[in-house]
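Worksheet: the structure to be examined is printed underneath.
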There are 2 protein chains.
Amino acid sequence: MPEGTSSTGRPPSDGSTRDRIRDAAVLRFARSGFGTSVRTIAADAGVSPALVIHHFGSKDALHRACDDFVLRWIVAAKRQNMGRAAGGQLLQVMAEVDEFAPLLGYAVRSLQAGGEVARAFVQHMIEDAQVYTREAVADGIVKPSLDEDARVRYLVLSSLGTLLLSLTLDPPDDPEDFGANVRAFMTEQYLPMIELFTQGFLTSRRMLDDYLLYVGDPPSGTGTDPEPDPEHVPETTSEER
Amino acid sequence: MPEGTSSTGRPPSDGSTRDRIRDAAVLRFARSGFGTSVRTIAADAGVSPALVIHHFGSKDALHRACDDFVLRWIVAAKRQNMGRAAGGQLLQVMAEVDEFAPLLGYAVRSLQAGGEVARAFVQHMIEDAQVYTREAVADGIVKPSLDEDARVRYLVLSSLGTLLLSLTLDPPDDPEDFGANVRAFMTEQYLPMIELFTQGFLTSRRMLDDYLLYVGDPPSGTGTDPEPDPEHVPETTSEER
DNA sequence: GGACCGGCTGAACACTTGTTTAGTCTGTTG
DNA sequence: CAACAGACTAAACAAGTGTTCAGCCGGTCC
């Protein structure tokens, strides 16, 4: 490895004071949210509040600089962990690496606040899930969908949203330890999730077909058996492909 | 109807200034979040900031009073709309009634901020979904689950979380109009959701059974066929019960 | 009538926020 | 060496926050 940094994809920081401030800000924002005062960040960086403004112009500009940095970090991290991530598990994999804690903390805070980083983050997760799903459908592991893009988007929004909500509903003792928190979340929600993914929820195609009829789409989908059949289709059959 | 209020279950307000302040606070909190200043609320209520503190003691106490009020409102509204809500659709039903807008706005803000109201709100939605799911399973509309409680909790967290995240990712033009926002959300996410509910996502029981084995639970569940069978169970069969 | 009391207010207080200003130090450049 | 430039700071500023204080006003009680 040429740089001191390992395989986390973290953009390099020369030792410059400016970078030290930015790093401290990213850490603080991740830890305490974007409401953190300039004075706190300055203290973290061992520097006067005035210098923060001197280097970045304003707090908003500092925020933007942090966003930029984290964004670059995200794309690099994704590239680095392309092969390693066992398909759609991008988040779980990253949660296990301590070096990613600030990145994920910052991402979570952004997801709660909205904004560009949030959108970019879910976009990356969507793209990741897209290639995984495509492969899995081709391999016969995952059923095809009537609208692959919509499904992937829904699945990402759903898993991230569930995690986020469950984090704010009962905040963990140590919000820093992202790995532990994701693990705790999974032990709680994995069974119902995987069960839903395995057997679905409804016994008949009724609601789906009704909706397809309602939106004017002929219910001869790509995903499942072609004929809706009146009244109570026996089961979610699926000879895929 | 004995009171002036219709069937929204909203707790009555005598015309007292104290109640007027509380009402204004609930509205403003719902509209602009809990960061809203005492001065703004006072202005909304047509009153001096000092009077707000005079009546409630502090801003935090005012916040608590609003929480109490909204909480009482929620349980009353649920009671009122018991029969009307077509099963697990509690949120959609309420979103269509304008009078509930402040309640739902306040609930959303609380879900983003955490706290008691948030927990109580999802708890009520869980209980509502529980009775619906029980009936639906009995009627053969919904498949049984290995852990009904966990499933219901997951489903509620998932739908609320998805809605919340999608609201913060691209904030609607008019955050006030809860009905329109929920409708927009549904037209985007209903198809993938109902498809997942109908046919599931995975083609085999593999992952589910592996997990059941991993946690030491014998995979002879209530939900599906009793025998795991080595290698590739053909399909998500389900003669329930 | 006079005293009291609670609703109510304008003004101020104490504090925190982001930002500015004036100025010091350090190193580089002519 | 003088001069300039940029990193850096202490102190102050302006605005916003929640809260307090002294006092006014209108009604009720002795």
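Chain letters run A, B, ... following the sequence lines, proteins first, then strands; residues in each count from 1. Basis for what follows: all heavy atoms, side chains included, without hydrogens, waters or symmetry-related copies.
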Taking the minimum atom-to-atom distance to the side chain of [X], which one of [options] wins?
X: B:Pro49; options: D:dA7, C:dT19, D:dT19; value: D:dT19
X: B:Ser37; options: C:dG10, C:dC8, D:dG18; value: D:dG18
X: B:Ala50; options: C:dT9, D:dT9, C:dT19; value: C:dT9
X: A:His54; options: D:dT19, D:dC8, C:dC8; value: D:dC8
X: B:Leu51; options: D:dC8, C:dC8, C:dG18; value: C:dC8
X: B:Ile53; options: C:dT9, D:dA7, D:dT20; value: D:dT20

> Under 3.5 Å, is there a donor-acceptor pair linking the side chains of B:Glu195 and A:Ser145?
Replying inline: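 Checked: B:Glu195/A:Ser145 side chains pair up, N/O donor to acceptor below 3.5 Å.
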> So, B:Ser37 versus B:Thr40: side-chain donor-acceptor pair below 3.5 Å or not?
Replying inline: yes
>> With rounding to the nearest 0.5 angstrom, report the SG to OH distance, A:Cys66 to A:Tyr106.
In response: 4.5 Å
> If only side-chain N and O atoms of A:His55 are considered, is one of them under 4.0 Å from the OP1 or OP2 phosphate oxygen of D:dC8?
Replying inline: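 So the side-chain polar atoms of A:His55 do come within 4.0 Å of the phosphate oxygens OP1 or OP2 of D:dC8, strictly under.
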> Hey, does the side chain of A:Ser48 come within less than 4.0 Å of D:dA10's phosphate (OP1/OP2), counting only N and O?
Replying inline: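 Answer no for this pair, as no side-chain N or O of A:Ser48 is under 4.0 Å from OP1 or OP2.
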Write down the distance between [atom1] ([X]) and [atom2] ([N]), rounded to a whole number of angstrom.
X: B:Arg20; N: C:dG7; atom1: CZ; atom2: C1'; result: 12 Å
X: B:Phe56; N: C:dC8; atom1: CZ; atom2: P; result: 11 Å
X: B:Asp60; N: D:dT17; atom1: CG; atom2: P; result: 16 Å

>> Using heavy-atom distances to pick each residue's nearest nucleotide on DNA chain D, tell me which of A:Arg39 and A:Val47 is more 5'.
In response: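 Between the two, 5'-proximity favours A:Val47.
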> Of A:Arg28, A:Arg39, A:Arg31, which meets salt bridge (Lys or Arg N to Asp or Glu O under 4.0 Å) against A:Asp44?
Replying inline: A:Arg28
